[in-house]
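Labels below follow one simple rule: chain letters A, B, ... track the order of the sequence lines, proteins then strands, and each chain is numbered from 1. Hydrogens, waters and symmetry mates are skipped; everything else that's a heavy atom, side chains included, is used.
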Amino acid sequence: MNLRTQLVCAWLGPIGTVILFFAMFFLMGILPPFRPSLAQGELVAIYRQHPIGMLTGGLLLMLATSIYMAFFALVAVQMKRMEKTPFWTYVFLTSSILAFYSVIVAEMVFSAAAYRPERSDMLIQALSDLAFILYVGTALPGSVQMVAVGFAVLGDDRADPVYPRWVGYLDIWAGILASPGTLICLFKLGPFAWNGALAFWVAAVAFGIWLNVNFWAARRAILRSAPAQRG
Amino acid sequence: MNYRSQLVAAWLGIAATLIMFIGLWPLMHFLPPLKPGLGQAELAAIYRGNATGIITGGILQMLACSIFMLYFSALALQLKRMEAAPLWTYTLLLTSVLGFVPVLVAEMLFSAAAYRPDRPDEIIQAFSDLGFFLFVGPALPGAMQMLSVAFAVLGDRNAEPVFPRWVGYFSVWTAVLALPGAVVTLFKAGPFAWNGVLAFWVAAIAFGLWINVTFWATRRALLIQMKSSAA
């Protein structure tokens with residue numbers, strides 16, 4: 001794969017994150033996420049009044065998820081250079097899909113909730129719950145995804161490692177910090193609810209930092225390998 | 001180091017199967033699965049009465065799905081050693097995700113059904129139905145997973161085959177036995193319903209045996225690799 005294609009794929013990571021943020025904040029209005037304890041009448045009013053924002057934001061989430069795949073493939077290419085047998089590369093690729101598939105299902109459920117304003121309040125609320133559970137709750141596959149990069153980095157015993165070792169430790173910490181989202185179904189308020197400090201904010205920030213650091217490290221690795229490839 | 005990670009990952013396949021079983025049986029009380037013919041009020045009462053069990057069982061399903069990715073990655077690496085071009089390796093990786101994404105979505109549907117006890121019975125039933133379709137229904141991606149192992153094993157041209165040939169034939173048979181789950185949507189009672197002898201029990205036992213046999217073969221292959229790399 002040539003240098004420019006690799007760099008474009010690397011940039012798709014931060015671009016995907018910007019699209020995700022833009023969709024959630026400006027279009028869907030789910031940043032911060034709706035409180036689980038929001039009264040049914042208030043909740044359904046949001047879906048009925050802003051269906052277009054919800055639907056177009058959903059489209060952008062699908063776009064972000066799709067272009068993330070190119071970024072993750074690029075990360076996998078770098079991981080494969082670190083490993084003799086591509087064990088963590090395979091773990092990373094499979095858990096990337098497992099984690100982000102539920103984002104696509106979630107955005108479709110958000111869209112289904114907004115699609116017909118005449119749906120009953122109860123049904124809109126049920127679909128909205130399901131969407132947030134899918135969106136925030138799929139934490140463990142995401143943790144495995146982040147930790148997989150960490151183990152590949154720390155297992156890299158080349159004289160000139162592909163990524164600096166601290167990236168490996170950061171990946172593992174990010175994976176641990178992203179895991180509390182797992183518990184959201186047990187809570188309706190507090191730090192472990194789907195809008196909570198730990199389950200949502202810490203996890204989201206951990207993912208954002210993980211993504212940007214791995215973007216930086218992948219970009220650095222591509223640029224460093226470029227002269228070697230030519231010579 | 002990498003062999004040891006793979007050996008741990010092989011054991012995680014067994015651990016994941018066990019975690020899934022614990023989630024399904026003592027926590028969710030979904031073993032045997034809830035009857036499709038159950039009255040709406042009765043079904044809703046089950047979700048309301050055992051909300052915490054269904055949600056924590058769901059968390060264990062997510063944990064099982066996440067660590068199954070490590071197991072299938074370790075299995076895929078053995079497939080890669082059998083093949084000149086990694087066709088069945090990639091098929092195994094893709095169908096592993098395709099087969100386990102629905103389990104993840106199913107677990108979230110069960111959790112969403114249990115999340116609010118004040119949901120109408122009708123919505124709980126719809127979420128529960130969809131959950132069981134997704135949980136028992138993806139038999140074809142599962143069968144394809146088993147067949148990709150079978151084709152890789154039977155096509156192995158190494159002087160000393162990675163897996164014994166009988167593992168290949170065995171995988172074909174488990175794939176055939178896992179198929180009936182695909183038709184659960186057409187039945188509400190009998191052997192092909194989602195709680196039926198063929199669609200559920202035979203398929204679940206075939207899957208369990210397949211995991212254990214492929215675990216045994218992966219572990220055996222890894223121990224041989226470790227011995228020959230030490231020598």
With side chains defined as the heavy atoms from C-beta onward, is the minimum distance between B:Ser73 and A:Trp88 less than 4.5 Å? no
A:Leu130 and B:Met108: which non-hydrogen atoms are nearest, and at how many Å? CD1-O, 3.8 Å
Below 4.5 Å, heavy-atom pairs only: which of A:Ile97, A:Val144, A:Ile133 has the largest tally toward chain B? A:Ile133
Give the table of side-chain donor-acceptor pairs shorter than 3.5 Å for residues 63-79 of chain A, with sequence neighbours excluded, one pair per line with atom names and distance.
{"unit_1": "A:Thr65", "atom_1": "OG1", "unit_2": "A:Leu61", "atom_2": "O", "d": "2.6"}
{"unit_1": "A:Ser66", "atom_1": "OG", "unit_2": "A:Met62", "atom_2": "O", "d": "2.7"}
{"unit_1": "A:Tyr68", "atom_1": "OH", "unit_2": "A:Thr17", "atom_2": "N", "d": "3.4"}
{"unit_1": "A:Tyr68", "atom_1": "OH", "unit_2": "A:Thr17", "atom_2": "OG1", "d": "2.8"}
{"unit_1": "A:Gln78", "atom_1": "OE1", "unit_2": "A:Arg81", "atom_2": "NH1", "d": "2.8"}

Inspect the surroundings of CH2 in B:Trp216 and state if more than 12 heavy atoms from other residues, nucleotides or ligands are less than 6.0 Å away. yes
Can you name the nearest heavy-atom pair linking B:Met62 to A:Gly137, along with the distance? CE-O, 3.1 Å
Applying side-chain contact (heavy atoms from CB on, under 4.5 Å), run through B:Leu70 and A:Phe87 and close with a yes or a no. CA-CA 8 Å; B:Leu70 280 94; A:Phe87 174 65; 4.3 Å; yes
How far apart are the C-alpha atoms of B:Phe72 and A:Thr94, what are their side-chain angles, what is the distance that settles it, and do they pass the side-chain contact (heavy atoms from CB on, under 4.5 Å) test? CA-CA 9 Å; B:Phe72 291 128; A:Thr94 47; over 6 Å; no
Contact winner vs chain A - B:Ala112, B:Ser111, B:Ser66, B:Ala74, heavy-atom pairs under 4.5 Å: B:Ser66
Using non-hydrogen atoms only, which part of A:Ser143 is less than 4.5 Å away from chain B: side chain, backbone, both, or neither? neither
Select one option (side chain, backbone, both, neither) describing which atoms of A:Ile184 are under 4.5 Å from chain B's heavy atoms. backbone
Which answer fits A:Gln40, side chain, backbone, both or neither, if we ask what part of it has an atom under 4.5 Å from a heavy atom of chain B? neither
Given 3.5 Å as the limit, does a donor-acceptor pair link the side chain of B:Tyr115 with the main chain of A:Phe187, or not? yes
Considering residues, nucleotides and ligands other than A:Leu189, do more than 12 of their heavy atoms fall under 6.0 Å from its CG? no
At a heavy-atom distance under 4.5 Å, which candidate from A:Ala139, A:Pro36, A:Gly142 has the highest pair count against chain B? A:Pro36
Tightest non-hydrogen contact, residues B:Val97 and A:Leu98, listed as CG1-N, 4.0 Å
Closest non-hydrogen atoms of B:Pro120 and A:Met122, given as atom of the first, atom of the second and distance, are CD-SD, 3.4 Å
Taking atom CH2 of A:Trp201 as the centre, does the number of heavy atoms from other residues, nucleotides or ligands within less than 6.0 Å exceed 12? yes
Considering only heavy atoms, which portion of B:Ile67 lies under 4.5 Å from any heavy atom of chain A: side chain, backbone, both, or neither? neither
If we only count heavy atoms from C-beta on, is the A:Leu93 to B:Leu93 side-chain gap below 4.5 Å? no
Within-4.5 Å side-chain heavy-atom neighbours: B:Phe100 and A:Tyr101: no
What's the shortest heavy-atom distance between B:Leu63 and A:Leu140, and which atoms? CA-CD1, 3.6 Å
Please classify the contact of B:Phe110 with chain A as side chain, backbone, both or neither, using a heavy-atom distance under 4.5 Å. neither
What residue, out of B:Glu122, B:Lys80, B:Arg116, has the most heavy-atom pairs lying under 4.5 Å from chain A? B:Arg116
Should the pair A:Lys84 and B:Tyr3 be classed as cation-pi, given the thresholds of under 6.0 Å to the six-membered ring centre and 45° from the axis? no
CD1 on B:Ile59 to CG on A:Leu183, rounded to 0.5 Å: 5.0 Å
Check whether any side-chain heavy atom of B:Arg81 sits under 4.5 Å from a side-chain heavy atom of A:Thr85, and report yes or no. no
